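Read the numbers this way: they start at 1 and go in the same order the structure lists the ligands and their atoms. Fair warning: this is a prediction, and the values are worked out from it, not measured in the lab.
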Amino acid sequence: MSSRCRCSPAPARPDRPERTAARTAAGVQVARSACGRPAGGPNDPLLGGGTIRPVAEPTALADLALEASTCTRCPLSEHRTQVVFGVGNPQAELMFVGEAPGRDEDLQGEPFVGRSGKLLDRLMAEELGIDRSACYIANVVKCRPPDNRDPRPVEIATCRPYLAAQIDLIGPTVVVTLGNFAMKLLLETTDGIRSVRGRSYPFGPGHLVPTYHPAAALRSGGAVVAEMRSDLIRAKRLLGWSS
Ligand code: URA
């Protein structure tokens, strides 16, 4: 557990502007109480009308991961082997957000370790010149839906405060969403990935770059992989990593 007081501000990050009390990223707005903590009260708009208990006020990613590891707020907890919270650099400038853990992820406790993850790792290496330890990877829901079905709206709503807090604590400059679920949640849109991708969107103090889910690229082949590559190049430019 962090020894920092839960009410104290996060340490200043010299590499980026000070983050303000309330992040304005669409869909992941973390409401703040006067002391700067995530508000998470019964009327918190993140919590879907106050029917879902808030995540306890986390001051660090490790605290949040610990809390998530025993989460039983939705029925997905009944089927999981373990919670797949997220992996990578807690100060990453780049964050990927996928949909939900699959079988491999449920067993290993890490996002994107199966076939989709192998493709993601390859595209990351080839287009961004990094491996996964240089970024942060998380999912919309942290527990595997049975039989790899789509996560349900109530499961997404229940898990949403975890993702919101992850984004707030990490403070990435660029969030790359992988597939429809993450994109629709974070951009608060019902439009599909085909019409939304191909550009970036303001997201809090940074940017959101929507791209396909790697599983879609594995199914569809070269053209989709090529579009994913161009989306990653867009992210690279926004990060200032292009020469
Ligand atoms: N698909 C996802 O969306 N997330 C994972 O972690 C693995 C596969």
Side-chain angles (χ1 to χ4, degrees), residues 27-28 61 64-65 68-69 71 74-77 79-90 92 94-125 128 130-167 170 172 174-187 189 192-194 196-197 208-221 224-225 227-229 231-232 235:
V28 291
L61 218 49
L64 188 65
S69 70
C71 181
C74 88
L76 290 183
S77 61
H79 306 279
R80 71 176 181 229
T81 305
Q82 57 192 310
V83 171
V84 182
F85 180 72
V87 71
N89 176 0
L94 172 63
M95 180 167 176
F96 290 92
V97 181
E99 177 183 320
R103 185 171 170 276
D104 294 318
E105 291 76 21
D106 175 67
L107 292 173
Q108 295 184 43
E110 180 172 332
F112 284 101
V113 291
R115 282 186 70 224
S116 292
K118 301 287 173 263
L119 176 60
L120 180 62
D121 284 343
R122 182 153 66 83
L123 295 180
M124 234 190 266
L128 304 173
I130 60 166
D131 66 26
R132 59 172 51 209
S133 67
C135 62
Y136 194 88
I137 310 175
N139 282 308
V140 166
V141 297
K142 313 300 186 207
C143 298
R144 182 194 182 199
D147 304 319
N148 292 341
R149 65 160 169 76
D150 288 347
R152 294 183 174 139
V154 67
E155 295 157 356
I156 293 172
T158 306
C159 220
R160 183 174 173 168
Y162 288 119
L163 179 62
Q166 282 175 304
I167 294 172
I170 294 164
V174 173
V175 172
V176 175
T177 53
L178 301 167
N180 269 310
F181 282 90
M183 180 275 292
K184 287 179 176 178
L185 179 70
L186 297 186
L187 288 182
T189 180
I193 185 68
R194 280 188 184 281
V196 169
R197 69 152 293 281
L208 187 148
V209 175
T211 194
Y212 295 104
H213 194 286
L218 288 172
R219 278 195 305 273
S220 309
V224 170
V225 173
E227 286 180 307
M228 285 187 80
R229 288 186 188 278
D231 295 332
L232 293 187

Fill in: For Gly98, atoms of ligand 1 separated by under 4.0 Å from a heavy atom
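So the answer, numbered in order with elements, is 3 (O).
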Pro111 heavy atoms within 4.0 Å reach ligand 1 at atoms 6 (O)
Q. Using heavy atoms and a threshold below 4.0 Å, how should the contact between Ala100 and ligand 1 be classified: side chain, backbone, both, or neither?
A.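 It is the backbone that touches ligand 1; the side chain stays farther off.
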Checking heavy atoms under 4.0 Å, the part of Glu105 that sits near ligand 1 is side chain
Side chain to side chain donor-acceptor pair (under 3.5 Å) test vs Tyr212 passes for just one of Arg197, Glu227, Arg219, namely Glu227
In short, Ala217 meets Val225 closest at the heavy-atom pair CB-CG2, 3.8 Å
Atom 1 (N) of ligand 1 has as its nearest protein heavy atom His213 NE2, 3.1 Å
Starting from atom 4 (N) of ligand 1, what is the nearest protein heavy atom, named by residue and atom, and what distance separates them?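 That would be Asn139 OD1, 2.8 Å.
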Q) Between CG of Asp231 and CZ of Arg229, what distance do you get to the nearest 0.5 Å? A)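 So the CG of Asp231 and the CZ of Arg229 are separated by 12.0 Å.
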Using side chain to side chain donor-acceptor pair (under 3.5 Å), reason through Gln82 and Lys142 one step at a time and then give a plain yes or no. CA-CA 9 Å; Gln82 57 192 310; Lys142 313 300 186 207; over 6 Å; no
Handout entry: ligand 1 to Glu99 polar contact by distance, N or O atoms, under 3.5 Å
Key =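 Yes - when backbone and side-chain N and O of Glu99 are compared with those of ligand 1, one distance drops under 3.5 Å.
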As a quick check of understanding, evaluate salt bridge (charged side-chain N to carboxylate O under 4.0 Å, His left out) for Arg149 and Glu155, giving each step before the final call.
CA-CA 12 Å; Arg149 65 160 169 76; Glu155 295 157 356; 2.8 Å; yes
**Request:** Could you tell me whether the side chain of Ser116 and the main chain of Phe112 form a donor-acceptor pair under 3.5 Å?
**Result:**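 No, because the side chain of Ser116 does not come within donor-acceptor range (under 3.5 Å) of the backbone of Phe112.
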